[in-house]
Amino acid sequence: MSKVFVEYQILPAYTSNYSIWMAEVRAQYENVAFYEGSDQPGLFVEIWTGLSKEQYILLKQARRREASEEGQSAFMNNPFGQTEWNKLDEWIKGGNEKVHIWHFEKVK
């Protein structure tokens with residue numbers, strides 16, 4: 001089983017906006033959990049479970065708003081492409097470039 005970790009720092013002024021957005025994302029995806037750093041308030045990690053390597057790539061493309069090799073029409077068909085990830089741009093310390101995304105597979 002794989003896990004995808006998405007990490008970023010939310011600016012304090014946007015905590016309430018982020019809480020609303022987080023609830024919307026939870027309603028869209030049942031395989032994501034959100035965690036906040038207990039010793040670093042505002043540092044958030046999303047943990048996505050059960051994503052294949054291909055799904056991870058699609059999530060990463062959507063988060064970074066990158067077109068796939070198939071072009072813009074394929075991006076619109078991306079299962080993660082309908083989420084308003086861009087709302088986070090203003091709320092994240094350093095903007096979208098400071099969103100870190102990693103894919104891990106269980107060691108056998």
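Values below: every heavy atom of this structure, side chains too, minus hydrogens, waters and symmetry copies. Remember, predicted model here, so these are calculated numbers, not experimental data.
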Please tell me if the side chains of Q28 and T83 come closer than 4.5 Å, counting only heavy atoms from C-beta onward.
yes

Report the C-alpha distance between W91 and L11 in whole Å, list the side-chain angles of each, state the deciding distance to 0.1 Å, and finish with yes or no for side chain to side chain contact (heavy atoms under 4.5 Å, CB included).
CA-CA 6 Å; W91 307 340; L11 295 165; 5.9 Å; no

Is the backbone N or O of G95 less than 3.5 Å from a side-chain atom of D89, with the two atoms forming a donor-acceptor pair by type?
no

Working to the nearest 0.5 Å, report the span between CE of M22 and OG1 of T15.
9.5 Å

Salt bridge (Lys or Arg N to Asp or Glu O under 4.0 Å): pairs with one or both residues in residues 22-41, sequence neighbours excluded:
E24-K87

Following the transitive rule for hydrophobic clusters with a side-chain heavy-atom cut-off under 4.5 Å over Ile, Leu, Val, Met, Phe, Trp and Tyr, establish whether W102 and L59 coincide in one cluster.
no

Min side-chain heavy-atom separation V32-T49 under 4.5 Å
no

F44: which residues meet the ring-ring contact (aromatic ring centres under 6.0 Å, His included) condition with it, sequence neighbours left out?
Y18

Indicate yes or no for a side-chain donor-acceptor contact from W21 to the backbone of E84 under 3.5 Å, with no hydrogens or angles considered.
yes

So, E46 and Y8: side-chain donor and acceptor under 3.5 Å apart, yes or no?
yes

To the nearest 0.5 angstrom, please state how far the CD1 atom of I10 sits from the OG atom of S19.
9.5 Å

State, yes or no, whether a side-chain contact exists between V99 and I92 at a heavy-atom distance under 4.5 Å.
yes

How many angstroms lie between atom OH of Y56 and atom CZ of R63, to the nearest 0.5 angstrom?
11.5 Å

Check whether any side-chain heavy atom of I57 lies under 4.5 Å from a side-chain heavy atom of K60, and answer yes or no.
no

Set of side-chain contact (heavy atoms from CB on, under 4.5 Å) partners for Q9, sequence neighbours left out:
L43, K93

Is there side-chain contact between W48 and F80, with at least one heavy-atom pair below 4.5 Å?
yes

Spell out, as yes or no, whether a donor-acceptor pair under 3.5 Å connects the side chain of Q55 to the backbone of S52.
yes

Less than 4.5 Å apart, any side-chain heavy atom of I47 and any of V4?
no

Should the heavy atoms of other residues, nucleotides or ligands under 6.0 Å from CZ of F104 be counted, would the total exceed 12?
yes

Just wondering, do S2 and K53 contact through their side chains at under 4.5 Å, heavy atoms?
no

